[in-house]
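When a ligand or atom number is given, it counts from 1 through the structure's own listing order. Every heavy atom of this structure was used, including side-chain atoms; hydrogens, water molecules and symmetry mates were not.
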Amino acid sequence: MQTADVVVIGGGIAGLSLAARIAPHARVVVLEGESAPGYHASGRSVAFAHYGLGNEPVRTLTALSMAELAVHGSVHPALHIAAAEEIAALDALEAVHRHYGCDYARIGADEAHALMPALRPDACAAALIDHGSLKLDTHAMLQAHVAGLKAAGGTLVTGARVGAIARDGDGWRVETVGETYAAPVLVNAAGAWADAIARMAGARPIGIEPRRRTVISFPAPEGEDVHAWPFTKTVGEGFYLLPEGRSQLLASSMDQTPSDPCDAAPEELDIAIAADRVEQATTLPIRRISHSWAGLRSFAPDELPVVGEAAEVPGFIWCAGQGGAGFQTAPALSRIAAAAVLGLAFPKDAAAAGLSFKSFSPARLGA
Ligand SMILES: Cc1cc2nc3c(=O)[nH]c(=O)nc-3n(C[C@H](O)[C@H](O)[C@H](O)COP(=O)(O)OP(=O)(O)OC[C@H]3O[C@@H](n4cnc5c(N)ncnc54)[C@H](O)[C@@H]3O)c2cc1C
């Protein structure tokens with residue numbers, strides 16, 4: 001049997017960013033069921049950080065994370081477009097950018113078209129360009145956390161699917177196929193499987209809902225270098241589009257179909273809807289889909305992350321519900337989660353921004 005101070009279940013961005021933070025202060029083991037970290041949601045994101053999604057606490061976490069994100073990110077503009085009937089939504093998004101002190105400008109249809117020449121006139125009546133958003137290297141982020149964890153003496157065990165969890169005195173006994181781990185503190189960073197892990201440990205599930213999102217990749221128009229095209233997103237329902245290198249584009253219809261936890265795969269209909277929305281709003285002909293994928297974004301009922309100890313289950317710490325913003329919030333959220341695990345004070349910058357342990361506590365969801 002292996003012993004540790006903290007066992008973290010889940011080797012995605014949530015588990016690894018937290019583990020790397022606490023490893024200098026505790027003996028940490030991360031158990032990942034797949035053969036490599038980041039196989040599920042964390043390997044399937046479109047790797048962008050911007051203010052066009054989430055609720056206020058999620059945006060605050062994003063703002064608190066931007067400086068650290070820049071280590072593995074490069075500045076890439078985000079163009080938020082609104083059709084004539086969506087101006088109120090664009091106004092609201094502008095207020096968000098103003099609140100967080102973003103380097104942005106409100107622009108008209110012509111300027112938006114100059115930045116994104118494939119836009120059809122009726123798709124954009126007005127827009128907002130955020131010059132400070134970031135294209136992230138999510139692979140480098142994950143690897144940096146693995147390296148940080150190992151450098152501080154922590155361990156990542158892959159192929160270690162947790163099949164049973166039992167109380168062992170005041171601590172936990174965690175069973176994988178080949179090994180048993182014992183630790184006083186257990187962190188649930190299992191993404192779409194977070195409720196399943198809670199049930200295994202005898203903690204109350206919180207109603208984490210995995211939602212499938214589909215992404216397509218297709219060739220840019222012949223002879224067009226698209227790498228400087230902005231990340232382009234509709235303020236309401238619609239699509240987003242971003243360059244993938246110089247000659248490919250990625251797009252999503254921002255689908256969010258509830259799903260059981262699983263190895264998500266794209267469905268034909270969702271691929272077709274994504275392609276159709278791009279073709280409706282732009283002059284881009286999608287003659288061939290180069291590849292497509294889907295991943296699960298997992299949400300608590302109030303769409304806020306869940307970080308903190310379960311009520312009445314001492315030593316069981318939630319770190320789940322990162323939704324569609326797990327990378328762009330990871331620097332700040334992992335500091336908050338580390339403080340919860342180590343029993344430290346809530347991070348000062350996050351407190352000054354109006355957040356508290358209470359904001360993310362599972363207690364708000366009765367767990
Ligand atoms: C299409 C798409 C686009 C996205 N784009 C962005 C974006 O641009 N920016 C952004 O910030 N976020 C984005 N996201 C969201 C982001 O990817 C997620 O919020 C984040 O990856 C969640 O990380 P996680 O560690 O909680 O989950 P995961 O990465 O799913 O990690 C959970 C891990 O737990 C493991 N696990 C589960 N059960 C067990 C068990 N019993 N034993 C051992 N291990 C177990 C799983 O194998 C998995 O590796 C996107 C997501 C999708 C799907």
Worksheet item: So Arg106 and Asp91, salt bridge (Lys or Arg N to Asp or Glu O under 4.0 Å) or not? Walk me through it.
Response: CA-CA 9 Å; Arg106 180 79 173 247; Asp91 290 343; 2.9 Å; yes
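Shown in contact with Arg44 at under 4.0 Å from a heavy atom are these atoms of ligand 1, numbered in order with element: 1 (C), 2 (C), 3 (C), 52 (C). Remark: ligand 1 atoms within the under-4.0 Å shell around heavy atoms of Leu31 are 43 (C), 44 (N). For ligand 1, the atoms closer than 4.0 angstrom to any heavy atom of Ala190 are 32 (C), 34 (O), 37 (C), 38 (N). Within ligand 1, the atoms closer than 4.0 Å to a non-hydrogen atom of Val215 are 1 (C), numbered from 1 in the order shown. Residue Val46 has at least one heavy-atom neighbour below 4.0 Å for each of these atoms of ligand 1: 3 (C), 4 (C), 5 (N), 6 (C), 8 (O). Interface atoms of ligand 1 facing Gly323, defined by a heavy-atom separation under 4.0 Å, are 15 (C), 18 (C), 19 (O). Atom numbering of ligand 1 starts at 1 in the shown order; those under 4.0 Å from a heavy atom of Gly10 are 33 (C), 34 (O), 35 (C). Atoms of ligand 1 lying under 4.0 Å from any heavy atom of Ala160, numbered from 1 in the order shown and given with element: 42 (N), 43 (C).
Some N or O of Gln328 is nearer than 3.5 Å to an N or O of ligand 1, by distance alone. Between Ile9 and ligand 1, no pair of N/O atoms sits closer than 3.5 Å. Residue contacts with ligand 1: Trp293 is placed with no nitrogen or oxygen under 3.5 Å of a nitrogen or oxygen of the ligand (distance criterion only). Inclusion of Gly326 in the set of residues having an N or O under 3.5 Å from an N or O of ligand 1 is warranted. Inclusion of Leu296 in the set of residues having an N or O under 3.5 Å from an N or O of ligand 1 is not warranted. Considering backbone and side-chain atoms alike, Ala192 places every N or O at 3.5 Å or more from each N or O of ligand 1. An N or O contact shorter than 3.5 Å is missing between Gly295 and ligand 1 by distance.
Distance from atom 49 (O) of ligand 1 to its nearest protein heavy atom, with residue and atom name: Glu32 OE1, 2.7 Å. Counting protein heavy atoms only, atom 8 (O) of ligand 1 is closest to Phe48 N, 2.9 Å. Given atom 21 (O) of ligand 1, the protein heavy atom at minimum distance is Ser42 OG, 2.9 Å. In terms of protein heavy-atom proximity, atom 27 (O) of ligand 1 is closest to Gly191 CA, 3.7 Å. Scanning all protein heavy atoms for the shortest distance to atom 50 (C) of ligand 1 gives Ser45 CB, 3.5 Å. For atom 51 (C) of ligand 1, the nearest protein heavy atom (residue, atom name, distance) is Arg297 CG, 3.5 Å. Looking only at protein heavy atoms, the nearest one to atom 44 (N) of ligand 1 is Gly33 N, 3.0 Å. Of all protein heavy atoms, the one closest to atom 39 (C) of ligand 1 is Arg161 NH1, 3.6 Å.
Between Glu32 and Thr158, the side chains place no donor N or O within less than 3.5 Å of an acceptor N or O (distance only, hydrogens not considered). In this structure, a donor-acceptor pair under 3.5 Å is present between the side chains of Arg21 and Ser334.
In the displayed structure, Glu268 atom CD is contacted under 6.0 Å by at most 12 heavy atoms of other residues, nucleotides or ligands. Crowding of His131 atom NE2: a count of heavy atoms from other residues, nucleotides or ligands under 6.0 Å exceeding 12. Counting non-hydrogen atoms of other residues, nucleotides and ligands closer than 6.0 Å to CD of Glu312 gives a total of 12 or fewer.
A salt bridge does not link Asp255 to Arg297: none of the charged side-chain nitrogens sits closer than 4.0 Å to a carboxylate oxygen. Salt-bridge formation is not detected for the pair Arg287/Glu222: no Lys NZ or Arg NE/NH1/NH2 atom is positioned less than 4.0 Å from an Asp or Glu carboxylate oxygen.
Note on Val185 and Val8: same hydrophobic cluster, where clusters join Ile, Leu, Val, Met, Phe, Trp and Tyr whose side-chain heavy atoms are under 4.5 Å apart, directly or indirectly. Under the 4.5 Å side-chain heavy-atom criterion for Ile, Leu, Val, Met, Phe, Trp and Tyr, Ile216 and Phe239 are members of the same hydrophobic cluster. Linking ILVMFWY side-chain heavy atoms closer than 4.5 Å, directly or via other members, places Trp193 and Tyr181 in two distinct hydrophobic clusters. Under the 4.5 Å side-chain contact rule for hydrophobic residues, Val58 and Tyr100 do not share a cluster. Under the 4.5 Å side-chain heavy-atom criterion for Ile, Leu, Val, Met, Phe, Trp and Tyr, Leu53 and Tyr51 are members of distinct hydrophobic clusters.
Looking at every heavy atom in both residues, Lys233 comes nearest to Gly52 through NZ-O, 3.3 Å. Among all heavy-atom pairs drawn from Arg120 and Thr282, the shortest one is NE-O, 2.9 Å.
In this structure, Arg44 forms a cation-pi arrangement with Tyr39, its terminal cationic atom sitting closer than 6.0 Å to the ring centre and no more than 45° off the ring axis.
At a 4.0 Å heavy-atom cut-off, ligand 1 touches Ala47 through the backbone alone. The proximity of Trp193 to ligand 1, defined as any non-hydrogen pair under 4.0 Å, is limited to the side chain. Under 4.0 Å from ligand 1, not a single heavy atom of Ala320 appears.
Note on ligand 1: Thr329 sits outside its first shell, no heavy atom being nearer than 4.0 Å. Residue Gly38 places no heavy atom under 4.0 Å from ligand 1.
The heavy atom nearest to atom 30 (O) of ligand 1, considering only Ala264, Ala41, Gly15, is found in Ala41.
Relative orientation of the His50 and Phe231 rings is tilted, given thresholds of 30° and 60° on the angle between their planes.
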